[in-house]
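Basis for what follows: all heavy atoms, side chains included, without hydrogens, waters or symmetry-related copies.
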Amino acid sequence: MPQPISLVGGKTLRPDGAVETADLHLADGLIVDASARGSLQIDCRGYHVLPAIIDVHGDAFEVDLHPRPGVDIAFPIAMTSVDRQLVGNGIATAFHGLTVSWEPGARSLDTARHFMTSLAPFREQALADHRVQLRWEVYAHEPIADLANWLTQDPKPAIAFNDHTTSTLEAMRAGREAKLDQWARRAGVSLDAYLSLVDGVAANTPHLMDRIRDVADLARQNDAIMLAHDETTVEEREGHRALGMQVSEFPLNKQTAASAVEAGEHVVLGAPNVLRGGSHKGMMSAEEAIREGVCTVLASDYYYPSLLRAAEHLATRGVLPFANAWELISANAASAMGLTDRGVLETGKRADLIVMDRSDPWRIVHTIAGGSLISFGH
């Protein structure tokens with residue numbers, strides 16, 4: 001077990017959003033009451049003590065595992081690098097967006113199987129809590145038996161329902177060969193071979209809704225969090241809600257996002273969207289959505305440092321009060337993913353927190369993940 005720690009004199013973010021100078025004590029991987037002072041005392045005067053960041057959707061790990069098409073790095077080497085990136089950016093819990101698709105290559109079923117087999121032993125040595133968001137491509141019906149197995153595992157994966165195949169079919173019909181060639185190269189096959197694969201998977205179209213219902217049933221039976229990806233209409237949100245998908249991930253317009261928030265559901269948008277001032281696909285601006293109250297959670301998407309930087313951007317520009325900006329990457333993220341044991345600094349919760357210097361730019365001084373201290377200097 002990690003050494004008991006006391007964080008002394010920091011500006012501590014309380015569950016009610018207040019920031020006050022207070023000591024915090026950690027033992028056995030948990031936040032404990034003041035009667036258990038730690039043998040290690042950390043002077044936090046001048047710093048903020050905050051809940052650690054929770055990343056509900058990140059696929060930057062793919063670059064470490066597969067830096068180029070056909071180049072595969074050994075899992076322990078690649079994921080150790082990812083682990084250090086996470087804690088270095090204040091992320092103590094990460095849901096890796098693992099694509100489960102009909103494509104060959106880095107997003108194939110075989111690649112997903114290897115990831116899921118390799119992750120369990122790796123978790124035992126990792127600093128952060130590595131979890132999985134299964135990004136199931138709804139046209140991929142061969143993996144459903146694997147999904148059924150993975151949804152029984154502990155910790156339980158979340159599952160996102162993705163449909164990128166329809167846009168691929170539309171690209172084929174429109175003759176957008178440059179884009180199709182890009183996707184073919186990612187899959188490690190020729191353009192002709194890729195087009196043949198797309199033709200084959202298109203045959204699943206008549207069975208699409210039946211298979212989506214089947215997988216949603218599996219998720220409900222296993223109490224797995226379900227996310228609907230790239231929703232386009234309020235009607236689509238309502239249909240997904242009826243199937244148990246209570247999180248809207250990257251909805252494409254404010255009306256759909258508002259429908260989710262009005263129903264008490266979480267809406268996830270990308271932190272890089274905040275930093276670049278809008279969606280790289282020309283879709284909804286995350287900052288505008290946050291200003292209008294229709295985004296409740298930010299995800300790293302493809303860049304781990306973006307979560308801390310987006311919170312800094314929102315707070316320093318006055319888009320949100322500091323505590324509310326931090327909720328987007330901590331308390332709200334925990335709520336969206338059904339994690340009741342973290343996300344706030346409260347006795348009995350998991351000892352996941354950061355000590356941060358709020359000078360310009362914000363800087364992580366310490367990350368504590370599951371009670372283990374990782375320091376980055378003063």
Peer 1: Parallel, tilted or perpendicular, judged at 30° and 60°: which one describes the rings of F75 and F115?
Peer 2: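 Perpendicular, since the angle between the ring planes exceeds 60°.
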Peer 1: Assess the residue pair Q41 and S6 against the criterion (side-chain contact (heavy atoms from CB on, under 4.5 Å)); give the C-alpha distance rounded to whole Å, side-chain angles, the decisive distance to 0.1 Å, and a yes or no.
Peer 2: CA-CA 5 Å; Q41 307 277 313; S6 287; 3.6 Å; yes
Peer 1: Quick check: do T256 and T232 have side-chain heavy atoms less than 4.5 Å from each other?
Peer 2: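 The answer is no, as the side chains (C-beta and beyond) never meet within the 4.5 Å cut-off.
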Peer 1: Are side-chain heavy atoms of V138 and N162 found at a separation under 4.5 Å?
Peer 2: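 With C-beta onward as the side chain, the pair stays apart.
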Peer 1: Counting N and O atoms only, with roles assigned by atom type, does the side chain of D55 sit under 3.5 Å from a partner on the main chain of S300, one being a donor and the other an acceptor?
Peer 2: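 Yes; at least one donor-acceptor contact below 3.5 Å.
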Peer 1: Between D83 (side chain only) and L127 (backbone N and O only), is there a donor and an acceptor less than 3.5 Å apart?
Peer 2: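 Yes; judged by distance alone, with no hydrogens or angles, the pair exists.
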Peer 1: Backbone N or O of F61 within a donor-acceptor pair of the Y304 side chain at under 3.5 Å?
Peer 2: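 Such a contact is found between Y304 side chain and F61 backbone.
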Peer 1: Show the numbers, then the answer: is there a side chain to side chain donor-acceptor pair (under 3.5 Å) between T93 and R131?
Peer 2: CA-CA 7 Å; T93 305; R131 294 173 176 245; 5.8 Å; no
Peer 1: D214: which residues meet the side chain to side chain contact (heavy atoms under 4.5 Å, CB included) condition with it, sequence neighbours left out?
Peer 2: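 Testing D214 for side chain to side chain contact (heavy atoms under 4.5 Å, CB included), a comparison that skips the adjacent residues, returns R211.
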Peer 1: Relative to each other, are the rings of F122 and H130 parallel, tilted or perpendicular (30° and 60° limits)?
Peer 2: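 It falls in the perpendicular class, over 60°.
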Peer 1: Does L30 offer a backbone N or O that forms a donor-acceptor pair with the side chain of D28 under 3.5 Å?
Peer 2: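 Checked: no pair found.
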Peer 1: For K254, which of E262, E231, E288 qualifies under salt bridge (charged side-chain N to carboxylate O under 4.0 Å, His left out)?
Peer 2: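 Exactly one pass, corresponding to E288.
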Peer 1: Are any of the side-chain heavy atoms of T296 and V261 separated by less than 4.5 Å?
Peer 2: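 Side-chain contact under 4.5 Å: yes.
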Peer 1: Look at atom CZ of R173 and say whether more than 12 heavy atoms of other residues, nucleotides or ligands are closer to it than 6.0 Å.
Peer 2: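 Yes, because the 6.0 Å sphere around CZ of R173 holds more than 12 heavy atoms from other groups.
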Peer 1: For E287, is there an ion pair with R317 - N to carboxylate O distance below 4.0 angstrom?
Peer 2: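 Between E287 and R317 there is a salt bridge, with a charged N closer than 4.0 Å to a carboxylate O.
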Peer 1: Rounded to the nearest 0.5 Å, what separation is found between the CG atom of L218 and the CG atom of N149?
Peer 2: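 Going from the CG atom of L218 to the CG atom of N149 covers 11.0 Å.
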Peer 1: Under a single-linkage definition using a 4.5 Å side-chain heavy-atom cutoff for Ile, Leu, Val, Met, Phe, Trp and Tyr, are L339 and V87 assigned to the same hydrophobic cluster?
Peer 2: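 They do not share one cluster, since no chain of ILVMFWY contacts under 4.5 Å joins L339 to V87.
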Peer 1: Between the side chain of T12 and the main-chain N/O of A22, is any donor-acceptor distance below 3.5 Å?
Peer 2: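 Yes, because the side chain of T12 sits within donor-acceptor range (under 3.5 Å) of the backbone of A22.
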Peer 1: D59 side chain to H57 main-chain N or O, any donor-acceptor pair under 3.5 Å?
Peer 2: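 Judged by distance alone, no pair lies under 3.5 Å.
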Peer 1: Under 3.5 Å, is there a donor-acceptor pair between the side chain of D163 and the main chain of T165?
Peer 2: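 Checking the backbone N and O of T165 against the side chain of D163, a donor-acceptor pair under 3.5 Å is found.
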Peer 1: With a 4.5 Å heavy-atom cut-off, do L298 and N273 have their side chains touching?
Peer 2: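 A side-chain contact under 4.5 Å is absent here.
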Peer 1: Under 4.0 Å between a Lys/Arg side-chain N and an Asp/Glu carboxylate O for K156 and D223?
Peer 2: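 No, K156 and D223 are not salt-bridged.
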Peer 1: Decide yes or no on side chain to side chain donor-acceptor pair (under 3.5 Å) for N332 and S335, but give the supporting numbers first.
Peer 2: CA-CA 5 Å; N332 290 0; S335 173; over 6 Å; no
Peer 1: Within a reach of under 6.0 Å around CD of Q3, are more than 12 heavy atoms found that belong to other residues, nucleotides or ligands?
Peer 2: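 Counting neighbours around CD of Q3, more than 12 heavy atoms of other residues, nucleotides or ligands fall under 6.0 Å, so yes.
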Peer 1: Just say parallel, tilted or perpendicular for the rings of H229 and H164, cut-offs at 30° and 60°.
Peer 2: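 The rings of H229 and H164 stand perpendicular, inter-plane angle above 60°.
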Peer 1: I would like to know whether V8 and I42 meet side-chain contact (heavy atoms from CB on, under 4.5 Å); could you show each step before the answer?
Peer 2: CA-CA 6 Å; V8 180; I42 298 178; over 6 Å; no
Peer 1: I'd like to know if I53 and L86 are part of one continuous hydrophobic network [Ile/Leu/Val/Met/Phe/Trp/Tyr, side-chain heavy atoms within less than 4.5 Å].
Peer 2: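 Yes.
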Peer 1: Once the angle between the rings of F322 and W362 is folded into 0 to 90°, is it parallel (under 30°), tilted (30 to 60°) or perpendicular (over 60°)?
Peer 2: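 If you compare the ring of F322 with that of W362, the planes turn out perpendicular.
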Peer 1: Between T205 and Y139, is a side-chain contact (heavy atoms from CB on, under 4.5 Å) present by the stated rule, with each step listed?
Peer 2: CA-CA 7 Å; T205 302; Y139 272 82; 3.3 Å; yes
Peer 1: For the pair D181 and R185, find out whether any cationic side-chain nitrogen is under 4.0 Å from an anionic carboxylate oxygen.
Peer 2: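 Salt bridge flag = yes for R185 with D181.
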Peer 1: Taking salt bridge (charged side-chain N to carboxylate O under 4.0 Å, His left out) as the definition, give me every residue that meets it alongside E265, ordered by chain and number, with sequence neighbours left out.
Peer 2: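 Partners of E265 under the salt bridge (charged side-chain N to carboxylate O under 4.0 Å, His left out) test: R237, R241.
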Peer 1: Heavy-atom distance under 4.5 Å between the side chains of V49 and L13, does that happen here?
Peer 2: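 With C-beta onward as the side chain, the pair stays apart.
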Peer 1: Hey, any chance V215 and V132 share a hydrophobic cluster, counting ILVMFWY side chains that come within less than 4.5 Å of each other, even indirectly?
Peer 2: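 Yes, one cluster joins them.
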Peer 1: Kindly say whether V56 contributes a backbone atom to a donor-acceptor pair with the side chain of Q133 at under 3.5 angstrom?
Peer 2: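 Looks like yes, one N/O pair under 3.5 Å.
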Peer 1: Backbone N or O of A52 within a donor-acceptor pair of the D352 side chain at under 3.5 Å?
Peer 2: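 Side chain of D352 to backbone of A52, a donor-acceptor pair under 3.5 Å: no, none is there.
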Peer 1: Output every pair passing side-chain hydrogen bond (donor to acceptor under 3.5 Å, both in side chains) with a member in residues 62-75, not counting sequence neighbours, ordered by first then second residue.
Peer 2: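 Only E62-R107, D64-S81, D64-Q85, H66-D72 qualify under side-chain hydrogen bond (donor to acceptor under 3.5 Å, both in side chains).
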Peer 1: Please report the interatomic distance OG1(T166) to CD(E170), rounded to the nearest 0.5 Å.
Peer 2: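 Those atoms lie 6.5 Å apart.
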Peer 1: Would you check if the side chain of S330 reaches a backbone N or O of P51 as a donor-acceptor pair within less than 3.5 Å?
Peer 2: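 Checked: no pair found.
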Peer 1: Would you say Y303 has more than 12 foreign heavy atoms packed within less than 6.0 Å of its OH?
Peer 2: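 Count not over threshold, so no.
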Peer 1: To the closest 0.5 Å, what do you measure between OG1 (T367) and CG (L373)?
Peer 2: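 One finds 9.0 Å between OG1 of T367 and CG of L373.
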Peer 1: Before giving the answer on side chain to side chain donor-acceptor pair (under 3.5 Å), spell out for D357 and S359 the whole-Å C-alpha distance, their side-chain angles and the decisive distance to 0.1 Å.
Peer 2: CA-CA 6 Å; D357 181 352; S359 57; 3.0 Å; yes
Peer 1: Let me check something: do L320 and I54 share a hydrophobic cluster, defined by ILVMFWY side-chain heavy atoms less than 4.5 Å apart, either directly or through other members?
Peer 2: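 Cluster IDs for L320 and I54 differ.
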Peer 1: State, yes or no, whether a side-chain contact exists between N204 and W102 at a heavy-atom distance under 4.5 Å.
Peer 2: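 No. Closest side-chain heavy atoms not under 4.5 Å.
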Peer 1: Can E346 and R14 be counted as an ion pair, charged N to O under 4.0 angstrom?
Peer 2: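 Not counted as a salt bridge, because no side-chain N and carboxylate O are separated by less than 4.0 Å.
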